[in-house]
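The first residue of the sequence shown is numbered 1, and numbering continues consecutively from there.
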Amino acid sequence: MTTESPEESNGLRRELSARQISMIALGGIIGTGLFLGSGLAIGIGGPSVIIAYIGAGAIALALTYALAEMVSTHPDAGGFGAIAQRYLGPLAGFVQRWIYWAAQVVNLGSEAVATGLYVRFWFPQLPLWVPVLVFSVVMLAINAAAVRFFGETEYWFALIKVLTIVVFVLLGACYVIFGLPDRSSVGFGHLTDDGGFFPNRAGSLWLALTVVTFSYIGTEAVAVTAAESRDPRRTVPRAARSMVLRLIVFYVLATAVVVTVVPWRTAAGAEETVRQSPFVTVFADAGIPVAAGIMNFVVLTAALSAMNTNLYIASRMAHSLAGDGFAPKAFARTTRHGVPLPALGFSAAGLLVACLISFLDAENAFAVLLGLALFGALVTWLLIFASHVAFRRANTERPPVRLWGAPFTTVFPALVLLGVLVTTAFTEQFGTAWKAGVPVLVLLVLAYLVVRRRRSARAGSGE
């Protein structure tokens with residue numbers, strides 16, 4: 001019988017450094033939704049969207065600390081999916097990993113198409129499929145290399161986004177308080193003009209929270225890196241702690257700058273093109289003439305970063321499922337560099353399907369896939385909180401990092417998330433989440449029953 005070395009976890013190599021894990025975790029959260037899609041939330045809540053970002057950020061931080069507590073104790077392949085199986089049973093582990101895999105593949109497809117659209121900003125005559133194909137091949141090559149190469153690439157992708165937001169916040173703060181060259185200070189009038197801080201009444205804040213919550217999806221990515229971290233019991237908790245300040249700075253302050261510098265009705269319509277992004281408005285007012293081009297480069301790297309991370313996560317989920325007998329055994333195989341190449345190829349096939357659907361029927365079929373992604377992400381978060389409740393009951397030892405105030409800080413965010421999930425059924429933007437998510441969830445439960453029956457039959461026959 002062979003034993004697994006400390007440098008490996010189910011064939012995966014522990015080669016990710018602490019700085020890479022921190023950036024992977026941060027890069028998974030900061031996406032094009034902040035740069036371009038924040039207009040939707042602003043249109044619903046007006047300036048009060050700042051409160052929604054604080055509330056959703058608190059939920060994301062509770063999730064991060066709950067994950068760090070569990071993963072530092074169980075740094076297994078599969079991350080939160082393997083932990084769900086350990087504490088909630090095989091059905092939960094099966095459903096969570098497969099529905100999360102599907103969500104990541106759909107996100108892959110949407111980000112791949114987005115990269116093509118961003119390139120066409122500079123080359124409008126270029127067929128959309130060309131940049132989509134090129135970037136898909138590049139991301140596959142990066143993920144097929146050693147995991148440390150993936151980590152380094154994602155580090156620099158995420159760093160571009162981080163630096164952009166830092167510059168944006170600093171410029172915005174100067175514009176608001178002191179003014180910019182040849183431009184007087186904006187002041188804080190936009191926060192109360194045009195209907196006040198709650199222009200659409202306080203009830204709209206809950207709808208804004210529903211939209212904003214999706215901006216923080218990706219927080220859970222840090223747990224998947226544990227099996228390939230050099231020292232997961234130290235690096236994962238450290239990454240969780242560092243995200244506390246960064247989440248506040250990057251989301252809350254950036255959004256506050258937007259609704260302070262730009263009238264909220266203007267910002268609400270700023271999600272259609274790069275030129276209309278509130279980020280472009282601030283950079284342009286700062287006297288940067290090529291603000292739209294710079295911002296297009298940033299959102300392109302944001303989409304590439306999301307593709308890179310989502311492909312990594314999807315392949316590790318498939319690998320973990322195979323290790324537990326819930327996916328073909330081939331997906332558990334790894335190369336000599338520790339890369340689960342069959343699982344990566346399988347996830348890439350899903351990427352291809354998502355891209356094809358987006359090309360053939362972008363408005364209808366892909367909206368359903370997007371709904372599945374949103375539903376799958378929320379179900380994943382709910383199962384993570386449920387796993388943490390069970391984890392606390394079963395463990396008495398003190399891990400390196402703990403979620404303060406548990407079980408209240410576990411149960412209350414879970415109840416809020418459940419409310420968000422229910423609310424999506426009644427919103428125009430996310431109504432497809434239930435229409436697509438519930439049937440897939442039922443199919444996964446049925447699939448698990450079939451798999452379990454076959455495994456029992458094989459065990460009974462002595463195979």
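More than 12 non-hydrogen atoms from other residues, nucleotides or ligands lie less than 6.0 angstrom from CZ of R402. Surrounding CZ of F297 are at most 12 heavy atoms belonging to other residues, nucleotides or ligands under 6.0 Å away. Within 6.0 Å of CZ on R333 lie no more than 12 heavy atoms contributed by other residues, nucleotides or ligands.
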Determine, step by step, whether Q96 and Y100 satisfy the side chain to side chain donor-acceptor pair (under 3.5 Å) criterion, reporting the C-alpha distance in whole Å, the side-chain angles of both residues, the deciding distance to 0.1 Å, and the verdict. CA-CA 6 Å; Q96 185 176 43; Y100 191 68; over 6 Å; no
Between H190 and T260, is a side chain to side chain contact (heavy atoms under 4.5 Å, CB included) present by the stated rule, with each step listed? CA-CA 5 Å; H190 290 319; T260 305; 5.6 Å; no
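Aromatic rings from F346 and W101 are positioned such that their centres are separated by under 6.0 Å. Residues F375 and W434 bring their aromatic ring centres within 6.0 Å. Y216 has its ring centre less than 6.0 Å from the ring centre of Y251.
Between the side chains of T423 and W206, at least one donor N or O lies within less than 3.5 Å of an accepting N or O. Of the N and O atoms on the side chains of S305 and E154, at least one donor lies less than 3.5 Å from an acceptor on the other residue. The closest side-chain donor-acceptor pair between H388 and T410 falls under 3.5 angstrom.
Put simply, the side chain of T409 gets close to the backbone of W404: a donor and an acceptor are under 3.5 Å apart.
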Could you go through residues 134-143 and list every donor-acceptor pair under 3.5 Å that involves a side-chain atom there, pairing it with any protein atom two or more places apart or in another chain?
{"residue": "S136", "atom": "OG", "partner": "V132", "partner atom": "O", "Å": "2.7"}
{"residue": "N143", "atom": "OD1", "partner": "Y312", "partner atom": "N", "Å": "3.3"}
{"residue": "N143", "atom": "ND2", "partner": "M139", "partner atom": "O", "Å": "3.1"}
{"residue": "N143", "atom": "ND2", "partner": "N308", "partner atom": "OD1", "Å": "3.1"}

